[in-house]
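Everything below concerns the one structure shown next.
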Amino acid sequence: MTPGKRKVAVVGVSLSDCGRVDEATPYALHAQAARRAVADAGLDRSVIDGFASAGLGTLAPVEVAEYLGLRPTWVDSTSVGGSTWEVMAAHAADAIAAGHANAVLLVYGSTARADIRAGRRTGTLSFGARGPLQFEVPYGHTLIAKYAMAARRHMHAYGTTLEQLASVAVQARANAALNPDAMFRTPITTDDVLSGPMIADPFTKLHCCLRSDGGAAVLLAAEEYVRDCRTPPVWVLGTGEHVSHTTMSEWPDFTVSPAAVSGRIAFERAGVRPDEIDVAEIYDAFTYMTLVTLEDLGFCAKGEGGEFAEKGRLTVGGALPVNTDGGGLSAQHPGMRGLFLLVEAVRQLRGEAGQRQVRKAGGRLPELAVASGTGGWFCSSGTVVLGRG
């Protein structure tokens, strides 16, 4: 943070019920996650004067704030897909540091799975045909196809293999096996991934995130409130955000994600290097997202993500534990999953992750974590570096 400004900490995190939640509304999941996060912090709700939400209601976040009984004086409804919550966390931290708010609550909830099951909606294959997208939709270029084409380009340029991509899913499932709240916990093999039904070449079913219900909430507060909290603070050390493109024709390089910019900015502002990070929570709607984000955050060189991942580095006991809860590939993915990354990063730094808890040499808790969200089809990125103590 800028010298002379208030430090900002994450003081409360929580998830709502997740996975298969057939009887709740999205509003109810928002409320459940929010109540749990405030209780986790131990602060009185009267302290909360900032609120951020996206994806629900005609006037988000006004409708959700009203449902929760909040009347904030600072609000944010930034909506940039899966990276929304890292970008919102950056905005909230800046507002708190500048004295524009004291405590900001970020909340998300979705019944994406239950809605499809009940016939209230269909699977999202396209974001519509308005604006620049009108030039791609006639060719059947679906959301998943955009990611698949980018993955194929990486395979062509760097020799990345299907087996290397599959190893990302295998390791995510291994982490999920340690998480009692993960939706899918049964171990899988590379052959299981490769032999599954094809969704969009080269992605078979297990290369793709699951669809679940669920919500999450994160409460950030100024440093003077930390002493009143029930839990130890996790400090926001640095943030970065970047937008890249909407149409694929405007994307200069399919093998470079916007995390290459947001990550560099976040690490510079935090004053830390990628090789100092103990835990990485990375948006993983598809296996390729994990692989290319690892490269772009600086954990390995461009083109070496496949080799980096296939050596088992991404498991809880690996050299760089990634998506320690099982990620969107195995734990939960109710839509814009970026807030879940922040929750898991904080739990790891606080030592609250149970069987999946990452430990450093000598049994020490991790000290630094990064949460990096991606939105659209690599259209946007938000990166947040967090520190314990």
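One N or O on the side chain of S16 and one on the backbone of G215 form a donor-acceptor pair closer than 3.5 Å. A distance-only check finds no donor-acceptor pair linking the side chain of D278 to the backbone of P366 [under 3.5 Å]. Using a distance-only test at 3.5 Å, with no hydrogens or angles considered, a donor-acceptor pair links the side chain of Q357 to the main chain of E352. For the pair E307 (side chain) and E304 (backbone), a donor-acceptor distance under 3.5 Å is absent.
Taking CG of L329 as the reference point, atom CE of M183 lies at 13.5 Å (rounded to 0.5 Å). The line from CG of L43 to CD1 of I48 is 7.5 Å long, rounded to the nearest 0.5 Å. For the atom pair Y158 OH and E295 CD, the distance stands at 7.0 Å (nearest 0.5 Å). Taking OG of S372 as the start and CD of E86 as the end, the distance is 7.0 Å to the nearest 0.5 Å. Atom NE2 of H245 is separated from atom CD of E250 by 9.5 Å, given to the nearest 0.5 angstrom. Within the model, atoms CZ of F203 and CZ of R152 stand 9.5 Å from one another, a figure rounded to the nearest 0.5 Å.
The cluster map of Ile, Leu, Val, Met, Phe, Trp and Tyr, joined by side-chain heavy atoms under 4.5 Å apart, puts L194 and I144 in the same cluster. The hydrophobic cluster containing L297 does not contain V261, counting ILVMFWY residues as joined when their side-chain heavy atoms lie under 4.5 angstrom apart, directly or transitively. Under a hydrophobic clustering in which Ile, Leu, Val, Met, Phe, Trp and Tyr are joined whenever their side-chain heavy atoms come within less than 4.5 Å, directly or via other members, L342 and I265 fall into different clusters. Cluster annotation: V272 is connected to L294 through the hydrophobic network of ILVMFWY side chains, with a link wherever side-chain heavy atoms come within less than 4.5 Å. Hydrophobic clustering (side-chain heavy atoms under 4.5 Å, transitive across Ile, Leu, Val, Met, Phe, Trp, Tyr) groups V343 together with M88.
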Candidate pair V193 and T204, rule side chain to side chain contact (heavy atoms under 4.5 Å, CB included), full reasoning: CA-CA 7 Å; V193 180; T204 58; 4.0 Å; yes
Side chain to side chain contact (heavy atoms under 4.5 Å, CB included) evaluation trace for Y225 with V11: CA-CA 9 Å; Y225 293 94; V11 296; over 6 Å; no
Working for side chain to side chain contact (heavy atoms under 4.5 Å, CB included), residues V226 and W235: CA-CA 10 Å; V226 165; W235 300 101; 3.8 Å; yes
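No option in F340, Y108, Y283 other than Y283 meets the ring-ring contact (aromatic ring centres under 6.0 Å, His included) test with H333.
Using a cutoff of 4.0 Å between basic side-chain nitrogens and carboxylate oxygens, D17 and R36 are scored as salt-bridged. Salt-bridge check for D40 with R350: passed, with a basic side-chain N closer than 4.0 Å to an acidic carboxylate O. A salt bridge links D296 with K302: the distance from a Lys NZ or Arg NE/NH1/NH2 to an Asp or Glu carboxylate oxygen falls below 4.0 Å. Contact check on R347 versus D181 returns no salt bridge, with no Lys/Arg side-chain nitrogen under 4.0 Å from an Asp/Glu carboxylate oxygen.
For the pair T111 and P26, the tightest heavy-atom approach, listed with the atom from each and the gap, is OG1-CG, 3.4 Å. A pairwise comparison of heavy atoms in A114 and D213 identifies N-OD1, 2.8 Å as the closest pair. Contact detail for L165 and M155: the closest heavy-atom pair is CD1-SD, 4.1 Å. Closest of all the heavy-atom pairs between P321 and V316 is CG-O, 3.4 Å. The two residues M289 and T293 make their nearest non-hydrogen contact at O-OG1, 2.6 Å. The shortest heavy-atom contact between P334 and S110 is O-OG, 2.7 Å.
Looking only at side-chain heavy atoms (C-beta outward), D325 and N175 stay at 4.5 Å or farther from each other. Counting only heavy atoms from C-beta outward, the side chains of K146 and M149 never approach each other to under 4.5 Å. Residues R337 and Q332 form a side-chain contact, since some pair of their non-hydrogen atoms from C-beta on lies under 4.5 Å apart. L368 places a side-chain heavy atom less than 4.5 Å from the side chain of L237.
For the residue pair T324/E344, the side-chain donor-acceptor check at 3.5 Å is satisfied. Between R173 and S330, the side chains place a donor N or O and an acceptor N or O closer than 3.5 Å (distance only, hydrogens not considered). Side-chain contact annotation: T287 with H207, donor-acceptor N/O pair under 3.5 Å present. Side-chain atoms of Q348 and R356 include no donor-acceptor pair closer than 3.5 Å. No side-chain N or O of S195 forms a donor-acceptor pair with one of D191 less than 3.5 Å apart. For the residue pair H154 / Q164, no side-chain donor-acceptor distance below 3.5 Å is found, with atom types taken as modelled.
Around CD of E23, the count of heavy atoms belonging to other residues, nucleotides or ligands within 6.0 Å does not exceed 12. The number of heavy-atom neighbours closer than 6.0 Å to CZ of R230, taken from other residues, nucleotides and ligands shown, is above 12.
If you look at F378 and Y288, their ring centroids are closer than 6.0 Å.
Both cation-pi conditions hold for R20 and F184: the charged atom is under 6.0 angstrom from the six-membered ring centre and inside a 45 degree cone around its axis.
Below 30°, between 30° and 60°, or above 60°: for Y27 and Y67 the angle between ring planes is between 30° and 60°, a tilted geometry.
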